[in-house]
*Asks:* 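Take this structure, written in structure tokens, and hold onto it; I'll ask about it next.
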Amino acid sequence: MDIIWRKTLEPYDFRKLEEKWKPVWERMGLYRTGTQPDREPFYCLDYFPYPSGAGLSVGHCKNYIPTDVICRKKRMDGLNVLHPMGWDAFGQPAEEYAIRTGTHPAEVTRINSDTYRRQFKLIEASYDWEREINSSDPDYYRWTQYFFNLLFDRGLAYQTENDQMWCPECRIVLSNEEAAGGICWRCGGEVTRKKLKQWFLRITDYADRLLQDLEDLDWPEGIKAMQRNWIGRSEGAEVIFRIANPETGFELDLPVYTTRLDTIYGATFCVLAPEYPDIEKLVTSEKHDEVMDYVVEARAKSDLERTAAAEKEKTGVFTGCFAVNPYNGEKVPVYVADYVLAGYGTAAIMAVPAHDERDHAFAVKFSIPIVEVISPGGIPRGVEEAATVADGQLLSSGPFTGLDSDEARKSMAEYAIENGIGKPDVRYRIRDWLVSRQRYWGAPIPIIHCEKCGAVPDRNLPVILPEMDDFKPDDSGRSPLARAEEWVNTTCPECGGPARRDTDTMAGFVCSSWYFLRFASPHESGRPFDPEAVRYWLPVDLYVGGAEHAVMHLIYARFWTKVMYDEGMLDFTEPFSVLKNQGMIIGADGQKMSKSKGNIVTPDEMVEKYGTDALRLYILFMGPFEAELDWSEEGIAGTYRFLKRVWSVVLETAEPQPMEMDEDFIVELRYNTARTVKKVTEDVNSFAFNTAVAAMMEYVNFLSVNRERAGAAGSLWKDSIRKLLVLMAPMTPFISDELWERMNFPGDTVTQQEWPCWDEDDLILDSVEIVIQVKGKIRARMRVPSETGADELEKRALSLDRIEELLEGSEPRRVIVVPGKLVNIIP
RNA sequence: GCCGGAGUGGCGGAAUGGCAGACGCGACGGACUCAAAAUCCGUUGUCCCCUGUGGACAUGAGGGUUCAAGUCCCUCCUCCGGUACCA
């Protein structure tokens, strides 16, 4: 019988199954967003990708396949699932690709998103394509513009001219986030500065809320930490030093920001950033040329050059003038040095060389006195060699001497308020978000500039991006849109007079700051979204993507959501309740997969060789979801083998030969089935896909080994196969549905079956193996009835020959019994 | 430097404080075959001996807590990611 089956068994042919089932599922509309009114919503979102020319690699699958499995399982759990996909089409990446390939960006977007969509379908990702959106579509970007106006109306969008982060390689201005570390997020090149008039959004107004609300988010610790650091809240005080130019009598209040007010009696000089506004009025004639040369030189350097040089040696120049320390009335010299940053605090510091490493280095180089005013033990330690940074007790600090740093900061701040010389202050590292780009491929900023009325929002949306053949940026700092004269010249919506359109477009990150809302009602026409749909679906229940957007997209989207909450448009303040970062897949050469390195493995080639199911299963099985893993094609052959084994086990035992019932086997089968259902359910729910797959493999191994006994389990065997197929369905839909059909299980598709449950009673076995330890080392085992109590276990363990032998007749000092598990005997 | 994460066989990786190495890959041996592929069955952490239902060692290093530690605590090392003159 067995042999006959094997000979007549049709081989597992994944191509046939894929051809057969794809159109069937398509017709059934299996992946349409659930709308049953009595069901709970589940919104699972993958980061909205920019469709690159290279297409999807197996690395991308590490994100998309696990979320797909979750969605399929949630549907089987009876939830309404929203699992949409769209294109982050506007922005720098698409435009650069367009320039490189000489294709219009709109065309690039169309071609590349076609490729992505085809590949998503190839791996059978269950997106609802009826909800596809594209950020470069006027139906979408009119609402991006609408939100810009909303921010403008709320005073959160403003235009200002200043030194901006500029990438000479990409020829584009960058937000602070895009220029983190002085490195351009796109090209990795060094960022310089350029004085330009730009649009900003006041994200700094939300710094505290962005920080506070992180607490309750179920996000990876690392991402939360990065956002905390980026926001960079620090508590300190602003204190005013009075400066006077001895020659001209010019006087100035110089506010400095410090977190170490307790060290102020040790301030032996002040330092201004080279960008400090009134430097020229402060310098003495003798020092004028030297200082101004230094300022020009420092400002010409890139941030990276400035910080790199700083690691070697501090530079700076004396201005010739002095400032008065408001606490002790001492006159201290004022320097200009580039280790003080223009963008932070007040761009001026009081320097305490005894208790700050940077000030110490500077003081040593310029022979400035170093005065110790803090000592950890209350005893001076000497600070000539190095600064002591830790808190301690104040020394030589007037009325504050003897206080601990902590109390000192409090009472010194009170003193400052009473005497009008300063106040406690909180500062943030985060800067306002620079959103304008002098680029073609983006949503035009919907502002009209009128000589009489100023900047006026255009309410007639969308402001359509004009068709242009030559959209290349240049070095002028002007947008290519400025060349579209006809488009630029318009009339003022307020006074009707002649006016000009703003020619900047918005950075791509603006478009992606609200797209998750659009998916709730992607075809809504009179408003950005249907509030009812948003109330139902949002916030996003599960958001998955790589960690690289920690302080870009993920901070911008949070900000946007809070603004909309303040506007009364949303009833939640955080867009993404749960965030997970998938680990990258590294190419065979140990490097990140990229087209330029030529190490990309595509899902297409893997599907061709092993099929969609094997690829999906391998991606899940490779290792933990969050872990960075190396691609290996040998591994996928393993999951392919597993599927072949499933195929043969299920079909060989489809109609098992009737035989006498075997009660022991039935109990064993029940136990293994329940154990597997439980393990797979819990593991999938907790993103432990690799161990879920391992559990299924163990189960199939068990079934395979026992297939000759299939008939001895009666209908239970077939029921076990049924459960196996349901468990496999979210991971390997093709083979699951084919076998489901061949087994004549009820329903059109396994995908619409209910997720199985398990009976805890099945997990209780009649007997268990107990480990017997002597002093923590395993010396014996015994099989006992499951319900055996502690006393009985101890008695039986002690009476084992082997144990008696080891104890040599002496009474054990102590016996620890864990019923169902072990007995540990301490002689 | 600071923040976050991680160190377990030849490899990817499993282990609510309770049998370290599940599952898979690779390798080795065998069956089937004229042969190969595929498939199936074994073996596979290291070492020791009296070769057994044996023993010792083993989760980056060193300490500690505990009857019991990969898991908890302390010190240190290495790697990955982030960030770094933020006063």
Side-chain angles (χ1 to χ4, degrees), chain A residues 6 11 180-182 220-226 228-230 232-234 236 256-260 263 271 273 303 306-311 314 337-341 343-352 355-359 361-362 389 427-431 547-548 550-551 581 583-584 617-618 621-624 626-639 641-642 644-645 648 679 688 690-701 704-705 769-781 801-802 812-818 820-826:
Chain A
R6 279 180 203 214
E221 256 332 293
I223 302 281
K224 292 211 261 185
M226 278 160 81
R228 274 185 211 110
N229 289 340
W230 190 258
R233 182 189 151 97
S234 90
V256 301
Y257 175 70
T258 177
T259 54
R260 292 300 301 276
T263 65
V271 186
D303 284 26
R306 269 164 79 158
T307 48
E311 271 167 33
K314 295 265 179 293
D338 68 0
Y339 83 93
V340 172
L341 303 177
Y344 187 75
T346 58
I349 61 159
M350 65 172 207
V352 185
H355 307 294
D356 181 283
E357 286 167 11
R358 299 150 302 184
D359 298 344
F362 193 88
V389 184
R427 293 279 172 168
Y428 299 90
R429 236 182 78 119
I430 192 170
R431 310 290 148 79
E548 67 276 11
V551 290
N581 298 130
M584 261 195 309
L617 199 61
Y618 180 55
F621 183 58
M622 279 179 85
E626 302 83 1
E628 183 176 290
L629 299 165
D630 297 321
W631 178 254
S632 124
E633 201 179 318
E634 277 155 352
I636 192 171
T639 54
R641 261 198 291 275
F642 167 74
K644 284 199 281 190
R645 196 154 62 245
S648 66
K679 178 85 177 142
N690 55 331
T691 48
V693 175
M696 296 196 315
M697 286 174 167
E698 278 181 80
Y699 186 54
V700 170
N701 288 345
S704 179
V705 165
E769 193 177 60
I770 301 292
V771 166
I772 313 205
Q773 299 177 323
V774 176
K775 253 177 102 179
K777 302 213 179 217
I778 297 152
R779 299 298 175 179
R781 294 156 197 278
D801 290 352
R802 172 131 181 77
R813 270 195 297 138
R814 202 177 153 191
V815 180
I816 291 105
V817 183
V818 184
K821 286 227 168 88
L822 58 79
V823 178
N824 190 8
I825 300 157
I826 317 303

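Letters A, B, ... are given to chains in the order of the sequence lines, protein chains preceding strands, and every chain is numbered from 1. Just so you know, these numbers use all the heavy atoms, side chains as well, and skip hydrogens, waters and symmetry mates. What you see is a predicted model; the values in this text were computed from it and never measured.
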*Asks:* Let's see if you can work this out: which of C67(B), A56(B), G4(B) has an atom nearest to the side-chain heavy atoms of Glu221(A)?
*Replies:*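 Given the options C67(B), A56(B), G4(B), the side chain of Glu221(A) is closest to G4(B).
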*Asks:* Is there a side-chain polar atom (N or O) of Tyr339(A) under 4.0 Å from OP1 or OP2 of A87(B)?
*Replies:*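 Checking A87(B) against Tyr339(A), no side-chain N or O comes under 4.0 Å of OP1 or OP2.
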*Asks:* Any side-chain N or O of Arg779(A) less than 4.0 Å from the OP1 or OP2 oxygen of U53(B)?
*Replies:*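 Indeed not, no polar side-chain atom of Arg779(A) lies that close.
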*Asks:* Taking only the side-chain nitrogens and oxygens of Asn701(A), find out if one of them lies under 4.0 Å from OP1 or OP2 of G24(B).
*Replies:*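 Indeed, a polar side-chain atom of Asn701(A) lies that close.
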*Asks:* Select one nucleotide: of G24(B), C19(B), C67(B), the one nearest the side-chain heavy atoms of Phe621(A).
*Replies:*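 Out of G24(B), C19(B), C67(B), the nucleotide with an atom closest to Phe621(A)'s side chain is G24(B).
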*Asks:* Heavy atoms under 4.0 Å, any strand shown: does Val256(A) hit a base, just sugar-phosphate, or nothing?
*Replies:*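 Contact class for Val256(A): none.
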*Asks:* Please measure how far the P atom in G52(B) lies from the corresponding atom in G63(B), and state the result in whole Å.
*Replies:*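 About 37 Å, rounded to a whole number of Å.
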*Asks:* Decide yes or no for Tyr344(A) and Ile349(A): does some side-chain heavy atom of the first lie under 4.5 Å from some side-chain heavy atom of the second?
*Replies:*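 In short, these two side chains do not touch, never coming nearer than 4.5 Å.
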*Asks:* Considering every strand shown, what is the Watson-Crick or G-U wobble mate of G9(B) when both distances are under 3.5 Å?
*Replies:*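 Per the H-bond distance test, none.
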*Asks:* When the nearest nucleotide of RNA chain B is assigned to Gly232(A) and to Thr639(A) on a heavy-atom basis, which residue is associated with the more 5' position?
*Replies:*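 This one resolves to Thr639(A).
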*Asks:* Looking at C57(B), G26(B), C23(B), which one has an atom nearest to any side-chain atom of Glu634(A)?
*Replies:*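 Between C57(B), G26(B), C23(B), the one nearest the side chain of Glu634(A) would be G26(B).
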*Asks:* Around Glu626(A), counting heavy atoms of other residues, nucleotides and ligands shown, do more than 12 lie under 6.0 Å from its CD?
*Replies:*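 Yes, the 6.0 Å shell around CD holds more than 12 heavy atoms from other groups.
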*Asks:* Does Lys821(A) get its side chain close enough to the base of C19(B), under 3.5 Å, for a donor-acceptor pair?
*Replies:*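 No such pair is found, so the answer is no.
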*Asks:* Could you let me know what A69(B) is paired to, Watson-Crick or G-U wobble, both distances under 3.5 Å, or none if it's on its own?
*Replies:*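 None - no nucleotide pairs with A69(B), as no candidate has both distances under 3.5 Å.
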*Asks:* Would you confirm whether Arg427(A), through its side chain, and Gly345(A), through its main-chain N or O, come within 3.5 Å as a donor-acceptor pair?
*Replies:*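 Yes: the side chain of Arg427(A) pairs with the backbone of Gly345(A).
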*Asks:* Say you pick atom C1' in C67(B) and the same atom in C72(B); how far apart are they, in whole Å?
*Replies:*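 Pairwise C1' distance, C67(B) against C72(B), rounds to 16 Å.
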*Asks:* Can you check the distance between C32(B) and A22(B), where both ends of the measurement are the P atom (answer in whole Å)?
*Replies:*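 These two P atoms come out 30 Å apart once rounded.
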*Asks:* Quick one: closest heavy-atom pair of Leu617(A) and Met696(A), and the distance?
*Replies:*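 Residues Leu617(A) and Met696(A), closest heavy atoms: CD1-CE, 4.3 Å.
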*Asks:* Rounding to an integer number of angstrom, what distance separates A61(B) and G70(B) when you compare their P atoms?
*Replies:*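 It works out to 11 Å between them.
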*Asks:* Closer than 4.0 Å, any side-chain N/O of Lys224(A) to the OP1 or OP2 of G5(B)?
*Replies:*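 For Lys224(A), the contact criterion (side-chain N or O under 4.0 Å from OP1 or OP2 of G5(B)) is not met.
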*Asks:* Map Leu822(A) and Glu628(A) onto RNA chain B by nearest heavy atom, then report which one ends up closer to the 5' terminus.
*Replies:*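 Looking at RNA chain B, the more 5' nearest nucleotide goes with Glu628(A).
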*Asks:* Can you tell me, in whole Å, how much space there is between the C1' of C73(B) and that of U65(B)?
*Replies:*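 About 7 Å, rounded to a whole number of Å.
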*Asks:* Output yes when at least one side-chain N/O atom of Arg814(A) is less than 4.0 Å from OP1 or OP2 of C67(B), else no.
*Replies:*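 True: Arg814(A) side-chain N/O within range (under 4.0 Å) of C67(B) OP1/OP2.
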*Asks:* If you draw the axis of the six-membered ring of Phe362(A), does the NZ or CZ of Lys314(A) fall within 45° of it and under 6.0 Å from the ring centre?
*Replies:*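 Here Lys314(A) fails the 6.0 Å and 45° test against Phe362(A).
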*Asks:* Considering only atom C1', compute the distance from C41(B) to U46(B) and round it to an integer number of Å.
*Replies:*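 After rounding to an integer number of Å, I get 27 Å for this pair.
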*Asks:* Which whole number of Å gives the distance between the P atom of U59(B) and that of G7(B)?
*Replies:*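 Per the computed distance, 14 Å lies between those P atoms.
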*Asks:* Select base, sugar-phosphate, or nothing to describe what Gly181(A) touches, counting heavy atoms under 4.0 Å on all strands.
*Replies:*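 Touches sugar-phosphate only.
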*Asks:* Output yes when a side-chain donor or acceptor of Ser632(A) lies under 3.5 Å from a complementary backbone atom of Gly635(A), and no otherwise.
*Replies:*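 It does hold such a pair.
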*Asks:* By the 4.0 Å heavy-atom rule, please label Ile826(A) as base, sugar-phosphate, or nothing.
*Replies:*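 Sugar-phosphate: the residue Ile826(A), judged by heavy atoms under 4.0 Å, touches backbone atoms but no base.
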*Asks:* Hey, does the side chain of Asp359(A) reach the backbone of Val352(A) with a donor-acceptor pair shorter than 3.5 angstrom?
*Replies:*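 Yes, the answer is positive, given that a donor and an acceptor are paired below the 3.5 Å cut-off.
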*Asks:* Should the side chain of Arg781(A) and the base of C19(B) be counted as holding a donor-acceptor pair, with the cut-off at 3.5 Å?
*Replies:*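 Yes, a donor-acceptor pair under 3.5 Å.
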*Asks:* Classify Glu357(A) by what it touches in the nucleic acid, base, sugar-phosphate, or nothing, heavy-atom distance under 4.0 Å.
*Replies:*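 No contact.
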*Asks:* Ignoring backbone atoms, test whether Asn690(A) places a side-chain nitrogen or oxygen under 4.0 Å from the OP1 or OP2 oxygen of A14(B).
*Replies:*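 It does, given that an N or O in the side chain of Asn690(A) lies less than 4.0 Å from OP1 or OP2 of A14(B).
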*Asks:* With a 6.0 Å cut-off on ring centres, are Tyr428(A) and Trp230(A) close enough?
*Replies:*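 Here the rings of Trp230(A) and Tyr428(A) have centres that are no less than 6.0 Å from each other.
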*Asks:* At under 4.0 Å, does any side-chain N or O of Arg641(A) touch on OP1 or OP2 of G26(B)?
*Replies:*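 Yes, within the criterion.
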*Asks:* Classify the nucleic acid contact of Lys775(A) as base, sugar-phosphate or nothing, counting any heavy atom under 4.0 Å across all strands shown.
*Replies:*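 Contact class for Lys775(A): none.
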*Asks:* Compare the minimum distances between each of G18(B), G24(B), A14(B) and the side chain of Arg645(A), then state the nucleotide with the smallest one.
*Replies:*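 Of G18(B), G24(B), A14(B), G24(B) is nearest to the side chain of Arg645(A).
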*Asks:* Determine the contact category for Ile778(A): base if any of its heavy atoms lies under 4.0 Å from a base atom, sugar-phosphate if only primed atoms, P, OP1 or OP2 are that close, otherwise nothing.
*Replies:*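 Sugar-phosphate contact only - Ile778(A) comes under 4.0 Å of backbone atoms but never of a base.
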*Asks:* Heavy atoms only, 4.0 Å cut-off, all strands: where does Leu629(A) land among base, sugar-phosphate and nothing?
*Replies:*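 Sugar-phosphate only.
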*Asks:* Between G4(B), A20(B), A87(B), which nucleotide has the shortest distance from any of its atoms to the side chain of Tyr257(A)?
*Replies:*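 Shortest atom-to-atom distance from the side chain points to A87(B).
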*Asks:* Aromatic rings Trp631(A) and Tyr618(A): how do their planes relate, parallel, tilted or perpendicular, breaks at 30° and 60°?
*Replies:*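 Answer is perpendicular, since the angle exceeds 60°.
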*Asks:* Have a look at G30(B) and give me syn or anti from its glycosidic angle (syn if within 90° of zero).
*Replies:*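 G30(B): anti glycosidic orientation.
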*Asks:* Across the strands shown, which category fits Ala180(A) at heavy-atom distances under 4.0 angstrom: base, sugar-phosphate, nothing?
*Replies:*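 Here Ala180(A) touches the backbone only, sparing every base.
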*Asks:* Would you say Ser234(A) places a side-chain N or O within less than 4.0 Å of OP1 or OP2 belonging to A87(B)?
*Replies:*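 For A87(B), OP1/OP2 do have a side-chain N/O of Ser234(A) under 4.0 Å.
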*Asks:* Nearest to the side chain of Pro624(A) - A87(B), A14(B), C67(B)?
*Replies:*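 It is A14(B).
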*Asks:* Could you check which of A87(B), A22(B), G24(B) has an atom nearest any side-chain atom of Ala694(A)?
*Replies:*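 Between A87(B), A22(B), G24(B), the one nearest the side chain of Ala694(A) would be A22(B).
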*Asks:* For A14(B), give its Watson-Crick or G-U wobble partner with both distances under 3.5 Å, or none.
*Replies:*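 None - no nucleotide pairs with A14(B), as no candidate has both distances under 3.5 Å.
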*Asks:* From the set A14(B), G18(B), C19(B), return the single nucleotide nearest to any side-chain atom of Thr691(A).
*Replies:*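 That would be A14(B).
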*Asks:* Distance between the P atoms of G10(B) and G4(B), in whole angstroms?
*Replies:*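 Here G10(B) and G4(B) have their P atoms 33 Å from each other.
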*Asks:* With a 3.5 Å limit on both atom pairs, tell me what U53(B) is paired to, counting Watson-Crick and G-U wobble, or say none.
*Replies:*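 None - no nucleotide pairs with U53(B), as no candidate has both distances under 3.5 Å.
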